[in-house]
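Since we're looking at a predicted model, the values are computed, not measured. Chain identifiers are assigned alphabetically (A, B, ...) following the order of the sequence lines, protein sequences preceding nucleic acid strands; residue numbering begins at 1 within each chain. All heavy atoms count here, side chains included; hydrogens, waters and symmetry mates do not.
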Amino acid sequence: KAGVTQTPRYLIKTRGQQVTLSCSPISGHRSVSWYQQTPGQGLQFLFEYFSETQRNKGNFPGRFSGRQFSNSRSEMNVSTLELGDSALYLCASSFIAGSDNEQFFGPGTRLTVL
Amino acid sequence: AQSVTQLDSHVSVSEGTPVLLRCNYSSSYSPSLFWYVQHPNKGLQLLLKYTSAATLVKGINGFEAEFKKSETSFHLTKPSAHMSDAAEYFCVVSDRIQGAQKLVFGQGTRLTINP
């Protein structure tokens with residue numbers, strides 16, 4: 001079974017631009033979560049989607065948004081990029097939403113904002 | 001809100017010696033706890049999880065962790081370190097908000113293995 005895939009793997013953008021990252025979960029998984037990883041703040045939860053609905057959201061500004069499609073694939077969008085948005089963005093999928101379900105992580109998309 | 005504190009940002013051991021990575025948690029109810037490992041340029045991989053069954057949890061690659069409620073700890077151990085164990089390790093607690101899962105990560109412990 002293929003793992004979680006994220007595209008693109010690397011991105012370079014400039015301040016003020018917007019970016020869209022994509023995540024394809026493991027086949028059959030319906031829950032997708034997004035995390036931001038930076039050296040200073042560590043790993044922080046962005047949001048979780050299940051059956052095309054956002055179930056949970058972390059403490060990030062409204063510039064960060066996401067969505068999930070009927071095939072469970074998910075995208076996250078960051079508008080008006082800032083230097084501080086440079087990070088590794090990780091996507092994780094699980095079979096169902098819930099606190100004890102193992103999440104499987106993708107390799108991440110490394111975003112650099114210049 | 002749930003939280004975890006990893007007591008060491010960096011641990012260095014010699015190959016073949018025991019590994020101890022320390023984690024304390026804060027939770028207002030019986031928590032679900034995890035240890036994840038991240039190798040360079042790779043995604044996170046689950047090592048083991050505790051979900052209120054046995055307090056001693058065995059994971060992959062010879063790792064295990066013991067849940068101690070009285071000490072609010074969930075330390076990760078391995079009897080004998082291998083060079084391939086060099087990586088970043090994260091202690092994680094699951095926070096429940098209206099039935100939705102949110103993983104709260106510790107700051108990570110970088111494990112270095114000396115030959």
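Neither B/L7 nor B/V11 shares a network with the other; the hydrophobic side chains, linked directly or stepwise wherever heavy atoms of I, L, V, M, F, W or Y lie under 4.5 Å apart, form separate groups for each. Residues B/L56 and B/W35 fall into different hydrophobic clusters, defined by Ile, Leu, Val, Met, Phe, Trp and Tyr side chains chained together at heavy-atom separations under 4.5 Å. A continuous path of hydrophobic side-chain contacts links B/Y25 to B/L48 [ILVMFWY only; heavy atoms under 4.5 Å]. Cluster membership for B/I60 and B/L76, using ILVMFWY side-chain heavy atoms within less than 4.5 angstrom, is shared. In this structure, A/Y10 is not a member of the same hydrophobic cluster as A/F105, with clusters built from ILVMFWY side-chain heavy atoms closer than 4.5 Å.
For B/Q38, the part lying near chain A is the side chain, with the backbone staying farther off; criterion is any non-hydrogen pair under 4.5 Å. Only the side chain of A/L90 comes within contact range of chain B, with at least one heavy atom under 4.5 Å from a heavy atom of that chain. Contact annotation for A/R9: only side-chain heavy atoms (C-beta onward) come within less than 4.5 Å of a heavy atom of chain B. For chain B, the nearby part of A/Q41 is the backbone; its heavy atoms alone come within less than 4.5 Å.
Ranked by non-hydrogen atom pairs under 4.5 Å with chain A, the options B/L44, B/V104, B/L46 are led by B/L44.
Taking the six-membered ring for Trp and the full ring otherwise, A/Y35 and B/F105 have centroids separated by under 6.0 Å.
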Problem - Residues A/L43, B/F90; criterion side chain to side chain contact (heavy atoms under 4.5 Å, CB included); working and verdict - result: CA-CA 9 Å; A/L43 274 149; B/F90 294 92; 3.8 Å; yes
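For A/N71, the CG atom sits in a packed shell: over 12 heavy atoms of surrounding residues, nucleotides or ligands are nearer than 6.0 Å.
To the nearest 0.5 Å, atom CD of residue A/E48 and atom CG of residue B/L103 are 9.0 Å apart. A distance of 9.0 Å separates CD of A/Q44 from NZ of B/K102, quoted to the nearest 0.5 Å.
Of all the heavy atoms in A/Q103 and B/Y36, the pair that sits closest is O-OH, 3.3 Å.
Residue pairs meeting the disulfide bond (SG atoms under 2.5 Å apart) criterion with at least one partner in residues 13-60 of chain A, sequence neighbours excluded, are A/C23-A/C91.
At a heavy-atom separation below 4.5 angstrom, chain B is approached by A/L88 within residues 78-89 of chain A.
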